[in-house]
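What follows is one structure encoded as structure tokens, with my remarks underneath.
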Amino acid sequence: MTIQINKLKKLPNKFYQREVLKVARELLGKIFIRVYNGKKLAGIIVEVEAYDGSIDRAAHSFGGMTKRTEVMFAEGGLLYVYFTYGVHFCSNVVTGNKGEGTAVLLRGIEPIRNIDVMSINRFNKNNLTEKEKRNLTSGPAKITQAFNVGKEENGTDLTKNKIYILDYENISDSDIVITKRIGITRSVELPWRFYIKDNPYVSKK
DNA sequence: CCACGGATTGGCT
DNA sequence: GCCAATCCGTGGA
């Protein structure tokens, strides 16, 4: 069963310019596209986390706008890419209205198109082992490496043709798991992580 | 299987 | 100077 991505439509700005928890929840099942060397790298979004600077001390936007976080304070519909641990990039979908400082971190993607290109980007080889296949895009920094997303892509407009998200499945509530977020030390109690039940590309149970 | 620690930049206190 | 929205290799059970 090959997904006919050419027949699907981009999510419009209206989709992103809503409440962050709603957008996070509804991004599950949608198809992330990154055009790289003329090829469409594609995968289904299977795990996300919401961040909201107005009440969430784990959000980069908590405490106000800085040079680093200005994209996160823009109007919904841009990509916010940040660098961390001196090694990794992570990507977020900016949501809500201008000045809000809300975004959705992409944590898990199921690859569906141009997997060979992602394999080279991640492991510099093809013919991956089973373990390497599962490790291709099951984590926020694995995604940016596989899809070749870095600081150049910070601020990319998701309604244009470089990086965008296609409308696809609506996942039912019974197939979604909601948990606390991973890897943070503040506001840890907020249940703002969403993932598709039993999907192998979820970063962690 | 799990726990631990190193990598290595740059933002902010 | 401290430490991060992570990943991976190592070493032990």
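First the proteins, then the strands, lettered A, B, ... as listed; each starts at 1.
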A:H88 NE2 - C:dC3 P separation (whole Å):
19 Å
Distance in angstrom units between A:Y85 OH and C:dC8 P, rounded
14 Å
For C:dA5, which nucleotide in any strand shown is its Watson-Crick or wobble partner with both distances under 3.5 Å?
none
Testing C:dC8, C:dA5, C:dC7 for proximity to the side chain of A:N135, the answer is C:dC8
To the nearest angstrom, how far is A:R57 atom CZ from C:dA4 atom C1'?
15 Å
How close or far is atom C1' of C:dA5 from atom OH of A:Y80, stated in whole angstroms?
9 Å
Donor-acceptor under 3.5 Å (A:T137 side chain, A:I109 main chain):
yes
Geometric class of the A:F89/A:F83 ring pair [parallel <30°, tilted 30-60°, perpendicular >60°]:
tilted
Under the side chain to side chain donor-acceptor pair (under 3.5 Å) criterion, do A:T156 and A:E153 qualify, and how do the steps go?
CA-CA 5 Å; A:T156 301; A:E153 285 68 41; 5.9 Å; no
If you look at every strand shown and take non-hydrogen atoms under 4.0 Å, does A:A141 touch a base, only sugar-phosphate, or nothing?
sugar-phosphate
Touch class at under 4.0 angstrom, heavy-atom based, for A:R181 against every strand present:
nothing
Please give, in whole Å, the distance from C:dC8 P to A:K204 NZ?
16 Å
The residue, A:T84 or A:K67, whose nearest nucleotide of DNA chain B is more 5′ is A:T84
So among A:N97, A:D52, A:T95, A:N92, which one has a side chain to side chain donor-acceptor pair (under 3.5 Å) with A:T102?
A:T95
Partner of B:dT8 under the Watson-Crick or G-U wobble criteria, both distances under 3.5 Å, comes out as none
Within 6.0 angstrom of A:N127 CG, more than 12 heavy atoms from elsewhere:
no
What is the distance, to the nearest angstrom, from the CZ atom on A:R68 to the P atom on C:dA5?
7 Å
Using a 4.0 Å heavy-atom cut-off across all strands, classify A:T66 as base, sugar-phosphate, or nothing.
sugar-phosphate
A:R193 side chain near C:dA5 phosphate (N/O to OP1/OP2, under 4.0 Å)
no
To the nearest angstrom, the NZ-C1' distance between A:K205 and B:dC1 comes to 16 Å
Out of B:dT8, C:dA4, C:dT6, which nucleotide sits closest to the side chain of A:T185?
C:dA4
Determine if A:F83 stacks with B:dG10; use a centre-to-centre distance below 5.5 Å and an interplanar angle below 30° as the criteria.
no
Identify whether any heavy atom of A:R122 sits under 4.0 Å from a base atom; if not, whether one sits that close to sugar-phosphate; answer base, sugar-phosphate or nothing.
sugar-phosphate
Say we look at C:dC8 and B:dG10: how far apart would their C1' atoms be, to the nearest angstrom?
22 Å
Considering only the P atoms, how many Å lie between C:dA13 and B:dG5, rounded to the nearest integer?
15 Å
Can you confirm whether more than 12 heavy atoms, excluding those of A:K131, are under 6.0 Å from its NZ atom?
no
Regarding the side chain of A:L105, the nearest nucleotide among C:dA5, C:dC8, C:dT6 is C:dA5
Rounded distance (Å) that lies between atom P of B:dG11 and atom NZ of A:K151:
11 Å
